[in-house]
Amino acid sequence: SPENGLIVSGKVGIGTNSPSEALELVETTPVLLVKGTAGSSSIDLDTNDDTNVSQINFKLSGSQEGGVIYDHNASPTDERLKINIGNSDLFYFKGDGRLGIGEMSPDALLEISDAATANLHLDGGTDAVINIDAHAHTNFSDIDFSLNGNREGYIRYDHDTTGTSEKMIVYVDASSPLITNGSNQVIIGGAFNHTASATLEVSGSVIIGSNFAGTQAPLANGLLVEGEVKAQNISIGNTGSATLAIDAGAANEKSDLDF
């Protein structure tokens with residue numbers, strides 16, 4: 001045997017005469033201490049093939065309830081460290097740096113998957129913050145909305161070296177119906193690279209009024225207002241024909257154009 005060492009052929013029992021494993025420790029409150037007198041200390045779990053696993057099991061009265069499993073693979077990026085709770089694999093750390101919660105093969109740095117509803121809940125004692133940090137002014141920060149892996153819409157913050165040129169864009173089904181920029185301008189229905197010249201620009205028709213909304217036919221690139229309109233300057237039309245229509249709600253009411 002090695003100097004100050006011990007070689008045993010067979011099973012070793014500490015606190016038991018009938019060990020069921022290579023080493024079995026039986027005690028009321030057993031503690032296994034690995035203490036280095038100088039330098040580091042470690043416990044090695046060494047398998048002999050990429051198809052095997054290295055595993056630490058957590059049992060209750062002999063029945064396994066959870067574990068930490070290192071799933072070896074010939075490709076280092078496909079190796080996984082799994083955390084099993086209640087006999088269910090819940091957390092997957094992949095060798096490519098990705099984390100899956102309920103997902104064995106995450107397609108992003110963090111993927112949360114659930115057979116029912118997948119939730120992400122941030123509960124702060126004061127504020128709760130999600131920080132989406134792009135690398136440079138030429139990049140953007142996105143929140144994607146997907147269906148079965150296909151992106152159908154997203155909210156994009158388009159960064160720029162000039163604060164007034166930055167944009168927040170809401171895309172729905174590959175269109176960009178709403179754009180706000182750092183100059184306090186809002187664009188509805190414009191292209192994502194549209195340069196606004198007014199505080200509010202609408203590409204299309206506008207209907208104002210709770211009784212008109214959903215009941216009146218929109219005017220092509222027009223404005224339909226249920227109530228009163230007051231403005232210092234009103235310009236109608238650009239080229240071609242232009243129409244100003246004042247339509248009373250009933251025969252006993254009046255239509256006024258005041259100056």
Side-chain angles (χ1 to χ4, degrees), residues 73 75-83 89-208 213-214 218-223 235 238:
N73 195 287
S75 173
T77 57
D78 288 329
E79 296 198 339
R80 293 178 178 85
L81 177 64
K82 301 185 293 185
I83 297 178
D89 293 336
L90 300 180
F91 301 92
Y92 302 83
F93 298 86
K94 278 197 65 184
D96 57 4
R98 298 178 177 183
L99 168 61
I101 301 177
E103 174 55 51
M104 185 175 66
S105 300
D107 57 13
L109 289 177
L110 173 62
E111 181 176 350
I112 302 174
S113 180
D114 192 276
T117 300
N119 294 317
L120 176 62
H121 182 191
L122 303 181
D123 187 358
T126 54
D127 300 326
V129 178
I130 296 178
N131 191 349
I132 305 175
D133 189 358
H135 175 69
H137 292 297
T138 55
N139 302 132
F140 52 80
S141 302
D142 276 5
I143 300 175
D144 291 349
F145 304 97
S146 300
L147 178 64
N148 292 326
N150 297 314
R151 186 172 69 173
E152 295 195 329
Y154 53 101
I155 299 173
R156 168 170 296 179
Y157 192 95
D158 198 354
H159 301 274
D160 195 278
T161 54
T162 304
T164 56
S165 297
E166 298 197 335
K167 299 183 180 74
M168 177 82 77
I169 309 170
V170 179
Y171 286 84
V172 179
D173 194 22
S175 65
S176 52
L178 178 62
I179 304 169
T180 62
N181 62 29
S183 297
N184 297 320
Q185 295 171 318
V186 178
I187 305 165
I188 300 176
F192 76 94
N193 58 353
H194 176 77
T195 300
S197 57
T199 302
L200 173 63
E201 294 191 11
V202 180
S203 177
S205 304
V206 177
I207 297 178
I208 300 176
L219 306 173
N221 294 317
L223 172 64
S235 176
N238 185 9

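- Minimum interatomic distance between S113 and E103 (heavy atoms only, all atoms of both residues): CB-CB, 3.8 Å.
- Nearest heavy atoms, T77 versus K94: O-CE, 3.4 Å.
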TODO: Give the intermediate values and the outcome of side-chain contact (heavy atoms from CB on, under 4.5 Å) for residues D114 and I112.
DONE: CA-CA 7 Å; D114 192 276; I112 302 174; 6.0 Å; no

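- Residue L110 holds its CG atom at 10.5 Å from CG of D107, rounded to the nearest 0.5 Å.
- S205 OG to L223 CG: the interatomic distance, rounded to the nearest 0.5 Å, is 9.5 Å.
- Atom CG of residue L109 and atom CG of residue L99 lie 9.5 Å apart, to the nearest 0.5 angstrom.
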Open item on the list: Test side-chain contact (heavy atoms from CB on, under 4.5 Å) on S105 and R98; report intermediate values, then the result.
Closed with: CA-CA 9 Å; S105 300; R98 298 178 177 183; over 6 Å; no

TODO: Verify side-chain contact (heavy atoms from CB on, under 4.5 Å) between N181 and D158, making sure each step is shown before the conclusion.
DONE: CA-CA 9 Å; N181 62 29; D158 198 354; over 6 Å; no

TODO: I would like to know whether E166 and Y157 meet side-chain contact (heavy atoms from CB on, under 4.5 Å); could you show each step before the answer?
DONE: CA-CA 7 Å; E166 298 197 335; Y157 192 95; 2.5 Å; yes

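- Shortest non-hydrogen contact noted between V172 and P177 is N-CD, 3.9 Å.
- Put simply, the side chain of F145 does not reach to within 4.5 Å of the side chain of E152, judged on heavy atoms.
- Although no hydrogens or angles enter the test, the distance criterion places a donor-acceptor pair under 3.5 Å between the side chain of N73 and the main chain of S75.
- Rounding to the nearest 0.5 Å places CD of E201 at 10.5 Å from CD1 of I188.
- Considering all non-hydrogen atoms of both residues, V129 and L122 come closest at O-CD1, 3.5 Å.
- Considering every non-hydrogen atom in both I179 and K167, the closest pair reads CG2-CD, 4.0 Å.
- Between the side chains of T162 and T164, no donor N or O sits under 3.5 Å from an acceptor N or O.
- Rounding to the nearest 0.5 Å gives a distance of 4.5 Å between OG of S165 and CG of D160.
- The CG atom of N150 sits 11.5 Å away from atom CG of D144, with the distance rounded to the nearest 0.5 Å.
- Annotation for Y171 and R156: closest pair CE1-CB, 4.4 Å, computed over non-hydrogen atoms.
- We find that D142 and R151 are joined by a salt bridge, their nearest charged nitrogen and carboxylate oxygen being less than 4.0 Å apart.
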